[in-house]
Every structure is written in C-alpha cells, then in structure tokens.
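Residue numbers count from 1 along this sequence. Hydrogens, waters and symmetry mates play no part in the numbers below; they use all other heavy atoms, side chains included.
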Amino acid sequence: MSDGDVMEKLVSLCKRKGFVFQSSEIYGGLNGCWDYGPLGVELLRNVKEAWWRSMTYREDVEGIDAAILMHPRTWEASGHVEGFTDPMVEDRKTNERFRLDHLLEEAGVDCTGLGLEEMTAKMAEVGLKSPKGNELGEARHFNLMFKTHVGPVEDSASVVYLRPETAQGIFVNFLNVQQAMRQKLPFGIAQIGKAFRNEINTKNFLFRTREFEQMEMQYFVAPGEEERWLDYWKEQRWTWITEGLGIAESRLRWREHGGGELAHYARAAFDIQFEFPFGWDEMEGIHHRGQYDLGRHEEYSGKQLKYFDDQSRQKVLPAVIETSAGASRQTMMVLTNAYAEEEVRGDRRTVMRFHPRIAPLKAAILPLVKRDGMPEIARRLEAELRPHLRVAYDEGGAIGRRYRRMDEVGTPFCITVDSDTLQDGTVTLRERDSMEQDRVPGSDLLAEIRRRMDLWRHPES
C-alpha cells in the first residue's frame with residue numbers, strides 16, 4: 001500500500017466513522033478548515049486532557065486561558081506585525097497563490113536560511129513555474145495574521161488580530177500568575193487555546209490548517225539555567241509522546257534547527273518529528289527563547305515584568321524554555337500512528353490502535369444474541385461502566401462483524417454477554433490488538449479494564 005493510499009484511506013475512514021468532516025461541506029467546504037465529529041471530538045479532547053494533566057498536575061506549572069483578542073501592541077512587541085510572514089507567489093493566469101519556499105523545495109531547492117531575495121534568485125535560476133505550468137508573479141511577503149475590528153467603526157484605530165499563537169497571552173500574564181500563585185523560579189504557565197493563521201496553502205488534512213488549537217507551556221527560569229531546563233523538557237516531551245500518546249518510537253526523531261532557520265526569538269530550537277505518509281514533519285517544538293519575550297513586552301508596554309528574588313533581593317528578567325504543540329496536529333499523528341490493515345484468517349481487518357487512555361471509546365458492550373435475557377444483562381453492565389468510561393452498546397449483526405466495527409474505530413475492549421454469563425456471571429473480554437479473549441467476572445470489569453489500560457504498550461514499541 002503506497003503512502004498516498006494510506007492518507008486517502010485514513011481521510012475516508014475519518015469521515016465515514018465520524019472522526020473528522022470537511023467544514024461547511026454542503027456548500028463545497030472551506031479550504032483548511034475541518035469539523036470534528038462525535039468520535040473525533042472525543043479523541044481530540046482526550047489528547048488535550050492528557051497533555052493538560054501531564055503539564056499542570058505538578059506543583060511548578062500553572063494553567064491559564066487568555067483571550068483570543070489582545071491589545072494590538074502585543075503583536076508589535078512580539079514581532080508578528082513586522083515579521084510573521086511567508087514568501088508568496090501568484091499564478092499569473094489563474095491568480096492562485098502559493099508558498100514560494102514550498103514550490104522551490106518541490107523543485108529540489110533547499111530553502112533553509114534563505115530570505116525572500118535569495119528565494120527570488122533561485123526561482124529565476126531554476127525557471128520555476130506554478131503547479132499548473134504557468135508563469136509566476138513577483139515574490140512578496142504575506143502576513144499570516146487575520147485582522148478584524150473592535151467597536152462600531154472599522155478604521156485603523158480599531159484594528160485587532162486573531163491571535164496566531166497562545167504564547168503571548170502567557171507572557172503578558174507572567175507576573176499576574178507568579179504573584180497570584182506565589183510561584184518561585186523556575187515555574188511554568190500552560191495554556192490550550194485556539195489560534196488562527198491565514199495560511200497561503202493548507203495541506204495534508206489536519207496538519208496545516210487556518211484554525212487550530214495550540215498546547216503551549218512557557219517555563220520561566222533564572223538566566224544561566226536555560227540549558228539544563230531545555231534538556232529536561234526535551235526528555236519530558238519525548239516520554240509523554242511515546243508513553244502518554246502511545247506513539248511508536250520507530251516513527252519519531254529529533255531535528256535541531258540550524259542557525260539560519262531559527263526564529264527571531266529563539267536561541268536554540270528542537271523539533272520532535274513524526275513520520276507521516278507524506279514524510280517527516282514537526283509534531284512538537286522545544287525552544288530556548290532567552291529573555292526576548294518579557295524584554296520586548298517591558299519595552300513596548302512600559303511596565304516592568306521582572307521577578308523579585310527573595311534570596312538575592314534582586315529583580316531578575318527570566319529566560320524562557322517553551323514547549324509548543326498543535327492539538328489538531330498531534331491528533332492527526334495519533335490517527336496516523338494508530339491506522340493499520342492486516343490479514344486475519346483470510347479476512348482483511350482495519351484497526352485503529354489508539355492508546356486505550358485516549359481512544360474515543362474505551363469499551364463496547366455486546367450481547368451475543370437478542371434473547372434469553374442477554375440484552376438486559378448487557379444494558380446493566382453498560383450502565384455500570386458509563387459513569388467511568390466512554391462505552392458503546394451494539395447488538396446489531398453477527399458478533400464477528402461487531403468486533404470489526406469496533407476495531408475500525410479503535411475501541412480497545414469488547415465485552416460479550418453470552419450463555420455462560422447467564423450461568424456464572426462472567427463475560428468475554430476481547431482485546432483489540434491481540435484479539436485474545438478471556439473470561440472475566442462482570443463485577444470485576446471496571447478494575448480489569450483499567451489494569452489493562454495501564455499496562456498497554458504500542459505493538460511496535
């Protein structure tokens with residue numbers, strides 16, 4: 001099966017099984033925007049919840065939820081008004097717009113560290129055309145921030161931006177959080193929230209979209225301690241992706257940004273990359289931002305953002321170590337990592353091997369037949385489990401077909417009520433990955449499912 005086939009099948013499964021739908025599909029859709037269906041929103045919520053617990057259920061990280069709309073000076077201080085741009089070219093015939101660096105890379109040109117002038121020269125050197133073979137217009141910078149207006153009058157004084165990242169809401173609240181929670185360096189502030197980028201080209205399903213959720217944590221440290229905490233958070237994030245999300249290590253790697261690639265705020269940057277069907281790409285960034293952010297907000301706001309050290313009796317401008325991930329992008333990684341097809345006794349099985357902790361459905365309750373009191377027992381078990389786990393009930397069709405339906409949406413455990421249940425109260429507990437079946441007392445189901453969830457490891461790990 002080719003990589004293109006994998007993506008096509010995954011996108012098809014996501015629509016068919018209620019994970020992800022094209023936004024406004026009945027009107028032809030809106031490019032780069034997606035809606036999460038019943039199973040998709042549950043999966044996304046589970047990814048975010050797992051991240052939130054890993055970040056904030058510790059004494060040195062606090063959570064916030066900052067507003068999407070911020071004072072426009074925020075984005076001047078952060079450098080987004082001036083520098084948050086992509087190089088853009090336009091097809092002279094169709095007026096379609098494209099990222100110049102993407103077109104050059106597809107033509108075999110390495111754009112690492114190249115500015116707009118250098119890319120323009122490369123464009124002429126290789127005789128670059130549009131994907132439709134037409135002449136391209138002049139290359140120019142395109143700012144990715146969405147503009148809107150606050151108040152009844154739409155003029156330059158009322159312009160605000162939909163935030164392109166959540167980090168700035170953390171930086172401007174640094175002292176508010178520190179003083180309210182009486183935190184001492186080092187400590188972090190975490191946030192999950194919507195961000196918006198007017199991407200020139202969206203691509204690869206959920207990977208690059210115009211509206212998405214970020215999961216970011218800014219860890220504030222005393223100057224001179226950055227390297228130690230950078231290494232610490234690199235280890236923490238790798239462990240969480242492999243153990244918390246169940247991603248196979250064979251599909252992960254580190255990539256360090258070279259000097260010419262570093263963002264204007266970064267002293268060092270490392271990406272955890274995942275191997276998608278379309279190639280390796282970034283899943284989470286761990287960045288050494290130095291004192292850039294708090295220093296810029298001090299300068300532009302005129303307000304001091306220094307931390308008062310009780311021991312030295314001095315004020316210190318902290319440095320920042322950042323971890324940044326897109327919730328939608330990580331959900332796409334989870335979907336891709338989980339997807340598998342295999343032969344089972346001459347039958348083709350599609351299975352989504354989610355980590356049980358983030359699977360949309362944790363268990364399915366299945367009466368073997370719709371008689372002899374089995375549905376009543378199954379409904380009672382469902383009612384007992386539902387306050388603790390997201391469960392499904394299915395009594396339609398042959399038991400093997402129902403198993404396959406549950407495999408395809410990634411349900412880790414199937415519980416079958418059969419004739420033995422009527423005699424001794426035990427049920428059949430089937431595991432999704434191994435398809436092995438055991439007899440378990442119905443009264444022990446919840447404890448047994450939780451035990452197996454804790455022991456789960458990805459088959460490729």
Could you check whether the rings of His257 and His287 sit parallel, tilted or perpendicular, using 30° and 60° as the cut-offs?
-> perpendicular
Ion pair check, Arg348 and Glu342, cut-off under 4.0 Å | no
State yes or no: are the ring centers of Phe187 and Phe220 separated by less than 6.0 Å?
-> yes
Steps toward side chain to side chain contact (heavy atoms under 4.5 Å, CB included) verdict (Leu245, His355) = CA-CA 6 Å; Leu245 295 183; His355 192 306; over 6 Å; no
The reported gap from CG in Leu162 to CD in Glu211 (rounded to nearest 0.5 angstrom) is 9.0 Å
Steps toward side chain to side chain donor-acceptor pair (under 3.5 Å) verdict (Thr242, Glu249) = CA-CA 6 Å; Thr242 54; Glu249 289 201 70; 5.1 Å; no
Check the pair Asp86, Arg99 against salt bridge (charged side-chain N to carboxylate O under 4.0 Å, His left out), reporting the backbone distance first and the verdict last.
-> CA-CA 7 Å; Asp86 279 340; Arg99 285 248 325 237; 3.0 Å; yes
Between Arg210 and Glu199, is there a salt bridge with N-O shorter than 4.0 Å?
-> no
Mark yes when over 12 heavy atoms from residues, nucleotides or ligands other than Glu376 sit less than 6.0 Å from its CD; otherwise mark no.
-> yes
Verify, without hydrogens or angle tests, whether Arg357 (side chain) and Val47 (backbone) share a donor-acceptor contact under 3.5 angstrom.
-> no
Where do Val417 and Leu368 land on the side chain to side chain contact (heavy atoms under 4.5 Å, CB included) test, with the steps shown first?
-> CA-CA 6 Å; Val417 174; Leu368 186 63; over 6 Å; no
Please say which of Glu213, Met55, Glu216, Gln214 ends up in a side chain to side chain contact (heavy atoms under 4.5 Å, CB included) with Ile192.
-> Glu213
Should the pair Arg457-Glu243 be classified as a salt bridge under the 4.0 Å nitrogen-to-oxygen rule?
-> no
Is it true that atom CZ of Arg439 has more than 12 heavy atoms of other residues, nucleotides or ligands lying nearer than 6.0 Å?
-> yes
Is there a side chain to side chain contact (heavy atoms under 4.5 Å, CB included) between Asp271 and Met283 once you walk through the steps?
-> CA-CA 7 Å; Asp271 292 341; Met283 270 301 95; over 6 Å; no
Is it true that Glu42 and Arg45 have a side-chain N and a carboxylate O under 4.0 angstrom from each other?
-> yes
Would you indicate whether the side-chain heavy atoms of Met217 and Gln191 approach each other to under 4.5 Å?
-> no
So, the side chain of Ser130 versus the backbone of Asn134: is there a donor-acceptor pair under 3.5 Å, distance only?
-> yes
Specify the closest pair of heavy atoms between Val391 and Leu385, including all atoms of both residues, with the distance to one decimal.
-> CG1-CB, 4.0 Å
Report yes or no: does Thr74 contribute a side-chain atom to a donor-acceptor pair with the main-chain N or O of Met70 at less than 3.5 Å?
-> no
To the nearest 0.5 Å, atom OH of Tyr27 lies from atom CD of Gln22 at 14.5 Å
SB check Asp438 Arg452 (cutoff 4.0 Å) | yes
Under 3.5 Å, side chain of Thr56 to main-chain N/O of Arg53, donor-acceptor pair present?
-> no
Quickly, which of Ile449, Leu361, Leu445 forms a side chain to side chain contact (heavy atoms under 4.5 Å, CB included) with Phe413? Name it, please.
-> Ile449
Phe196 CZ to Ile68 CD1 distance, which is reported to the nearest 0.5 Å = 4.5 Å
Take Tyr57 and Trp52 through the ring pair (Phe, Tyr, Trp, His ring centres under 6.0 Å) test and state the conclusion after the steps.
-> CA-CA 8 Å; Tyr57 282 38; Trp52 189 256; 8.3 Å; no
Can the ring centroids of Trp75 and Phe84 be said to lie less than 6.0 angstrom from one another?
-> no
Tell me, with the steps shown, if Glu408 and Leu13 meet side chain to side chain contact (heavy atoms under 4.5 Å, CB included).
-> CA-CA 8 Å; Glu408 200 171 17; Leu13 182 146; 3.6 Å; yes
Met88 backbone acceptor or donor facing Arg140 side chain under 3.5 Å | no
Heavy-atom donor-acceptor pair, Asn143 side chain to Val81 backbone, under 3.5 Å = yes
Step through the shown structure and confirm whether more than 12 heavy atoms of other residues, nucleotides or ligands are within 6.0 Å of NZ on Lys122.
-> no
Locate the shortest heavy-atom distance separating Pro360 from Arg390; write the atom from each residue and the value.
-> O-CG, 3.1 Å
According to the interplanar angle, ranging from 0 to 90°, do the rings of Phe207 and Phe276 count as parallel (below 30°), tilted (30 to 60°) or perpendicular (above 60°)?
-> perpendicular
Flag, side chain of Arg432 to backbone of Gly410, donor-acceptor distance under 3.5 Å | yes
Check ion pair Arg353-Asp433 (N to O, under 4.0 angstrom) | yes
Check: Leu144 main-chain N/O paired with Asn198 side-chain donor or acceptor under 3.5 Å | no
Please confirm whether Trp229 and Tyr219 have ring centers closer than 6.0 angstrom.
-> yes
Test side chain to side chain donor-acceptor pair (under 3.5 Å) applied to Thr416 and Tyr403, step by step = CA-CA 10 Å; Thr416 304; Tyr403 284 156; 2.9 Å; yes
Is it true that the side chains of Arg430 and Gln437 contain a donor and an acceptor less than 3.5 Å apart?
-> no
So, the side chain of Arg380 versus the backbone of Pro375: is there a donor-acceptor pair under 3.5 Å, distance only?
-> no
What do you reckon, is CZ of Arg371 surrounded by more than 12 foreign heavy atoms closer than 6.0 Å?
-> no
Carboxylate-amine/guanidinium contact Arg349 Glu343, below 4.0 Å = no
Should Asp91 and Lys93 count as an ion pair when the cut-off is N to O under 4.0 Å?
-> no
Rounded to the nearest 0.5 Å, the CZ atom of Phe19 sits from the CG atom of Leu335 at a distance of 6.5 Å
On a heavy-atom basis, the closest approach of Pro87 and Leu116 is CB-CD1, 3.8 Å
For atom CD of Glu105, decide whether the heavy atoms of other residues, nucleotides or ligands shown that lie under 6.0 angstrom number more than 12.
-> yes
Got a second to check how far Leu44's CG is from Glu49's CD, nearest 0.5 Å?
-> 12.0 Å
The reported gap from CD in Glu90 to CZ in Arg97 (rounded to nearest 0.5 angstrom) is 4.5 Å
Worked verdict on Asp418 versus Thr428 for side chain to side chain donor-acceptor pair (under 3.5 Å) = CA-CA 8 Å; Asp418 53 26; Thr428 299; 3.3 Å; yes
Non-hydrogen side-chain atoms of Ile189 and Asn173 separated by less than 4.5 Å = no
Carefully, step by step, assess Glu322 and Ser324 under the rule side chain to side chain donor-acceptor pair (under 3.5 Å).
-> CA-CA 6 Å; Glu322 172 185 69; Ser324 177; 4.9 Å; no
Side chains of Ser78 and Tyr265: is there a donor and an acceptor less than 3.5 Å apart?
-> no
